[in-house]
Engineer: 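Take this structure, written in structure tokens, and hold onto it; I'll ask about it next.
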Amino acid sequence: MMKLMNERVYKAVITSDFHMSASPDPSDAIVSLMKLQRPVFDAFFDMLIKEHTDLLILCGDNTQSGSVADMRMLKEYLNRLAEKDIDVIMCPGNHDFDSGYEEYYEQLFFPLLKPDEKDPHSLSYLRRSGSYTFFAMDDHEGKRSPRGVLKAETVEWLKRKLRKEAERRQKVIFLSHHNLHADAWMGRPEFYCLSPSDVKDLLVQNGVKLVCSGHLHDPKIYHSEIDEIVTPMLLAGNHMYGEMMLGEKEINYRLRRFYFSGSLLDQVYEKDRICRENRMAVYEKILKDSHGKYEISMMLERLGWWQDAMQSGTVYEHRDQLFQDQHFLKALDLLGDSAWGKWIRASLDASAVSSCSLRIEY
Ligand SMILES: [Fe+2]
């Protein structure tokens, strides 16, 4: 049984896609801080302890490959929290079984995760804390599959347990690695969205108000009959994570930026600079030959604004400003139907635009 919340507010840090790797030289072609794993995770876990976090929630792809060494590294960090009596709720992602060790995963992590009830057909489980019940779902399809699929038996288990928790008047938070909602840029939504898609109806019918997921690596909040928080990746982007205050009558979520200090700050700055330059080089390739040097540099700057807004979850706040800027509109026009153009347009779609905070009332 987890610490009881009573009337006090319970502080959870929620993130996903640690992609923790024990490899001595992981590639950092896409994820800027991949080679700084140890110092970054040391600093992050120190912060969790120092800031009196009650609970850490991880929404999958917690390891890079699911190798025994990666899993042991993750366990080592989670043990630091267990020593301080900080709870952990974690669901796996597609990467966590690239090497396929379901039994070892269960053996290694479940004594620490302490499920209240477990699905016999997968690694899905539920855990209660006061008036909250967390469903940590296992949606991995198989070795190296990017899809997120709940087995038919798991959906049946979910159905039964959701009904039970509703009868108990518990507030349910559903956690999965893959997303409940799709974006317009997704050429192959089956690589991003949780299947079967009627899980959403099941959750709504049982009064579930909040879903948290990962997989996209950038932060996002979707609103529909049910709200979804897509949690960002610490090692990439603007190094954001989510903070969730869980009270008896409301949940308050906000995105926070992780601040590095000391010599690590210089290393992070340098890694991020390289990553940003690589991204800009891709944009420049698409924009080049169309205009003069000055205009291209203006367009690249505006794309940098968009990227910063997107990575810090503030697209909603910056949408009007971007749409009033001629250099940004020109860049968007030139990016056309490229994957980047589609992505940027989808992120600015008025019906799907995302913010950096969310409040849910019960
Ligand atoms: Fe993933």
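First listed ligand is number 1; within each ligand, the first listed atom is number 1. The basis for the numbers below is simple: all heavy atoms, side chains too, and nothing from hydrogens, waters or symmetry mates.
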Engineer: Does CD1 in Ile30 sit with more than 12 non-hydrogen atoms of other residues, nucleotides or ligands closer than 6.0 Å?
Structural biologist: no

Engineer: Checking one residue: Tyr294. Which other hydrophobic residues are in its cluster under the side-chain 4.5 Å linking rule?
Structural biologist: Met298

Engineer: Taking the side chain as everything from C-beta on, heavy atoms only, tell me whether Tyr283 gets closer than 4.5 Å to Ile296.
Structural biologist: no

Engineer: Could you tell me which residues satisfy ring-ring contact (aromatic ring centres under 6.0 Å, His included) with His217, sequence neighbours excluded, listed by chain and number?
Structural biologist: His19

Engineer: Show every donor-acceptor pair shorter than 3.5 Å between a side-chain atom in residues 258-271 and any protein atom, with sequence neighbours excluded, or say none if there are none.
Structural biologist:
| residue | atom | partner | partner atom | Å |
| --- | --- | --- | --- | --- |
| Glu270 | OE1 | Arg273 | NE | 3.1 |
| Glu270 | OE2 | Arg273 | NH2 | 2.7 |
| Lys271 | NZ | Asp28 | OD2 | 3.2 |

Engineer: Taking the Fe ion (ligand 1) as the centre, count the protein N/O/S atoms lying under 2.8 Å from it.
Structural biologist: 4

Engineer: Honestly, is Lys118 close enough over Tyr125, meaning NZ or CZ under 6.0 Å from the six-membered ring centre and within 45° of the axis?
Structural biologist: no

